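Chain letters run A, B, ... following the sequence lines, proteins first and then strands; every chain starts at 1. From a predicted model like this one, the values you see are computed outputs, not experimental measurements.
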There are 4 protein chains.
Amino acid sequence: MGGTMDGTKQRRRGNTRQRIQEVALGLFAEQGYEKTSLREIAERLDVTKAALYYHFRTKEEILVSIFEDLSRPIEDLIEWGRRQPHSLETKQEIIRRYSAALMEAAPLFRFMQENQATIRELSIGDMFKTKMLGLRDILIDPDADLVDQVRCVSALFTLHAGMHVLQEVESDPGKRREAVLEVAVDLITQAHRHTAGD
Amino acid sequence: MGGTMDGTKQRRRGNTRQRIQEVALGLFAEQGYEKTSLREIAERLDVTKAALYYHFRTKEEILVSIFEDLSRPIEDLIEWGRRQPHSLETKQEIIRRYSAALMEAAPLFRFMQENQATIRELSIGDMFKTKMLGLRDILIDPDADLVDQVRCVSALFTLHAGMHVLQEVESDPGKRREAVLEVAVDLITQAHRHTAGD
Amino acid sequence: MGGTMDGTKQRRRGNTRQRIQEVALGLFAEQGYEKTSLREIAERLDVTKAALYYHFRTKEEILVSIFEDLSRPIEDLIEWGRRQPHSLETKQEIIRRYSAALMEAAPLFRFMQENQATIRELSIGDMFKTKMLGLRDILIDPDADLVDQVRCVSALFTLHAGMHVLQEVESDPGKRREAVLEVAVDLITQAHRHTAGD
Amino acid sequence: MGGTMDGTKQRRRGNTRQRIQEVALGLFAEQGYEKTSLREIAERLDVTKAALYYHFRTKEEILVSIFEDLSRPIEDLIEWGRRQPHSLETKQEIIRRYSAALMEAAPLFRFMQENQATIRELSIGDMFKTKMLGLRDILIDPDADLVDQVRCVSALFTLHAGMHVLQEVESDPGKRREAVLEVAVDLITQAHRHTAGD
DNA sequence: GATGAATGAGAATTCATTCAT
DNA sequence: GATGAATGAATTCTCATTCAT
């Protein structure tokens, strides 16, 4: 009251929307979407539930907005990939960039991996599926052997899952990521070679 | 069968517990654990909610009982694996048998994959984690390169995820499974060769 | 199974009804009537809920039967008191015998004291009230001063409540009872003297 | 009152919390705590059950809040008593004031007397016990004869119980209270005289 | 940009009770 | 003398959502 202003209350100005997204994503990733209530989100932000409704029309919209904001890099990547020749180099680069994008938005993707059942019912389920199919179409040659198609998918899964596993074996996330990346690139490469006869 | 009467109501006798498990697993896999209410399960069985509570003490107990019953083959497999030499042949056989076990209890494992966030909070989360670590300890050589360790984990993930993907590319589940299996075995084999110098 | 018989199962023969009453009273006194479920009673007896219904028609009937069985001495006491002259000696004797009767059926009376709200709604509420009025009519002279009437009621309450209090001050229940008895007799005596001018 | 509108719906504003407490206490006292459901309370207030949960987190919290609000005078009394000399006059005054305090919050204390079993399990059980022990410590001389200690406790019980009894004998609550008070003061006085040799 | 008060729908769970065997 | 299986009605409680202020 009076004074020059600073500190908690003031910093809040205008970025409540984003703070909601951050806190919500944190809780969604930690506990799951259904187990996270709006009350909990509001409490952690020290606002009322009604305040959330000023910024978002529904609970689902909070999630959708997070997804839209955080998945843009992946969208861009796919866009980029589409315009490249489907060469081995491109594929390898896609894998590398995809891995980087996953890391950037790690909580979101952890959430998506652990809440597939929920997501399937929600609108982002379709959005995500569409994106993944876009990726797949770049990586997978439609003429390829079924086994090689599986390899491509496996590469993708390896990236997705690799982030959260093996934490006891290797604690340095950088090294872990590198190893995961190597396996993924390897799988893609094998798949490509068989088909292209390269 | 035979005798004075049969039909729906009579056949029910004594197998309600199992019917609950079946229906519940179906719904859990389809909609997720939290989105499936006991009302829904009861309605589908044409009994009252209270009847469910005669057979199980909580909603969670229904899930736990399903898990315990259906995951026994995997437990047996791990037990078997532990007593074998950690040779390449053993590892390959483990992968093959594991794949078969996953298929046997496909709905359960689909459920587990799609509801990880839920499961993590529940008691079966720990049970499952323990089992997976048991499997990993058989497949992974502790001296192996980190990359090869990732390959082993990747093989496991490929099996898990492979069942539910690529349905548009190859509609025959048998062929799909074979392809998935080949990729997994391949990954395991690569990992083993590097380490064993075979 | 065959043999001479002994031990738990055999001893049960024919006295299940009574065992139900005992266990039920124990739980009713400990936790209250409403918080004690038939499931709990059955579990403690290692029989099924349905077995309780072989012996009693309702939950309330269990309580009623306990009350009827255990409050008979008090009924007898009142009967006896009615036929005596309403002299001081009689009143003192009534108090003494009543105190003894309360001790005999301590759990029942503890239960009744701590569950008055419940009992009021149940049929034993009326039974009990009738009995207490009977007692009162013997102890209280209708011509007596209001204050002396209160003294008589107070004597009764002192007996009822005195059993469960002062446990920290005096751990010997015998001494406690004696002290309580002395106060009660004293109150009755005062009340009688004033009225009778004795 | 003044302004454009009034009447039932408007008057409600802002005092719902208190109205819940009033209605709840009424029902708790009439029927007992367990037999009173939140549905009943809500219906009587013409709000939904959920509205109760906006104001109180649990059913128990409703009771606790009532207890805290209504038992403050007693707390104050004990505080006051602690600072006085433990003379006969103080003790008599305590009894008088305690009696007045009981009348002020009669429904609460009737409830507490008739639902002891319930209260024992709830958190207010301990709060109440602590208060009563505080009172006792003022009234009872630790060197006193056991019988005199009983007299003090008996005085307290007489006050508590006296309010609800003898309604058929004397219908004027004022006179009843006076008579009860006299007996209680008498008991305290006797106890004090013996010990102090006054 | 947010709050206070409330709702309607629904969740899991518990209970006394019933009845064919 | 007792059980196994089930029911119907109720209970406490939680949630996403709304809206006047």
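Distance CD (A/Gln31) to P (F/dC15): 10 Å, rounded to an integer number of Å. For the pair C/Ile41 CD1 and E/dA16 P, the interatomic distance rounds to 8 Å; values are reported in whole Å. If you take CD of D/Gln18 and P of E/dG4, they are 19 Å apart, rounded to a whole angstrom. Look at CZ on A/Arg57: it is 14 Å from P on F/dC19, rounded to the nearest Å. Atom pair B/Asn15:CG and F/dG4:P shows a separation of 17 Å (rounding to whole Å applied). Taking atom NZ on A/Lys59 and atom P on E/dG10, their separation rounds to 16 Å, with Å as the unit. Atom-to-atom, CZ of B/Phe56 to C1' of F/dA5 comes out at 14 Å; the value is rounded to the nearest Å. As a whole-Å value, the separation of C/Glu34 CD from F/dT11 C1' is 13 Å.
Note on D/Arg72 versus D/Glu68: no salt bridge recorded, every NZ/NE/NH1/NH2 to OD/OE distance being 4.0 Å or above.
With distances taken from any side-chain atom of B/Val47 to the nucleotides F/dC13, E/dC15, F/dT7, the minimum falls on F/dT7. The listed nucleotides are F/dA2, F/dT3, E/dA6; the one nearest the side chain of C/His55 is F/dA2. Among E/dT17, E/dC15, F/dT12, the nucleotide with an atom closest to any side-chain atom of B/Ala50 is E/dC15. Of the candidates E/dA2, F/dA2, F/dT17, E/dA2 carries the atom nearest the A/Thr16 side chain, counting heavy atoms from C-beta on. The listed nucleotides are E/dT17, E/dT14, F/dA2; the one nearest the side chain of C/Leu38 is E/dT17. With F/dT18, E/dT3, E/dT14 as the choices, the nucleotide that has an atom nearest any side-chain atom of A/Tyr53 turns out to be F/dT18. Across F/dC15, F/dT14, F/dT17, the shortest atom-to-atom separation from the side chain of A/Lys49 is found for F/dT17.
Residues A/Leu38 and A/Ile62 are in side-chain contact: their nearest non-hydrogen atoms beyond the backbone lie under 4.5 Å apart. The side-chain heavy atoms of D/Asn115 and C/Asn115, taken from C-beta on, include no pair separated by under 4.5 Å. Side-chain atoms of B/Phe111 and B/Leu63, non-hydrogen and from C-beta on, do get closer than 4.5 Å to each other. Residues A/Thr118 and B/Thr118 are not in side-chain contact: their nearest non-hydrogen atoms beyond the backbone lie 4.5 Å or more apart.
Where C/Thr48 and D/Thr36 meet DNA chain F, the nucleotide closest to each residue was compared, and C/Thr48 sits on the side nearer the 5' end. Each of B/Lys35 and D/Leu52 was assigned the nucleotide of DNA chain E with the nearest heavy atom; the assignment lying further toward the 5' end belongs to D/Leu52.
Here D/Tyr54 does not reach the OP1 or OP2 of E/dA6: none of its side-chain N or O atoms lies under 4.0 Å away. Remark: B/Arg39 is not in phosphate contact with E/dA12, judged by side-chain N or O atoms under 4.0 Å from OP1 or OP2. Using a 4.0 Å cut-off, some side-chain N or O of D/Ser37 falls inside it from OP1 or OP2 of F/dT11.
Within residues 114-128 of chain B, no residue has any heavy atom closer than 4.0 Å to DNA chain E.
Cation-pi geometry between B/Lys59 and B/Tyr33 is satisfied (NZ or CZ under 6.0 Å from the ring centre, within 45° of the ring normal). Cation-pi geometry between D/Lys35 and D/Phe28 is not satisfied (NZ or CZ under 6.0 Å from the ring centre, within 45° of the ring normal).
Open room surrounds CD on B/Gln18; 12 or fewer heavy atoms of other groups in view lie less than 6.0 Å from it.
In this structure, F/dT7 and E/dA16 make a Watson-Crick or G-U wobble pair, each of the two defining distances being under 3.5 angstrom. Look at E/dT21: its Watson-Crick or wobble partner, with both distances under 3.5 angstrom, is F/dA2.
Here the separation of F/dT21 from E/dG1, taken at their C1' atoms, is 13 Å to the nearest Å.
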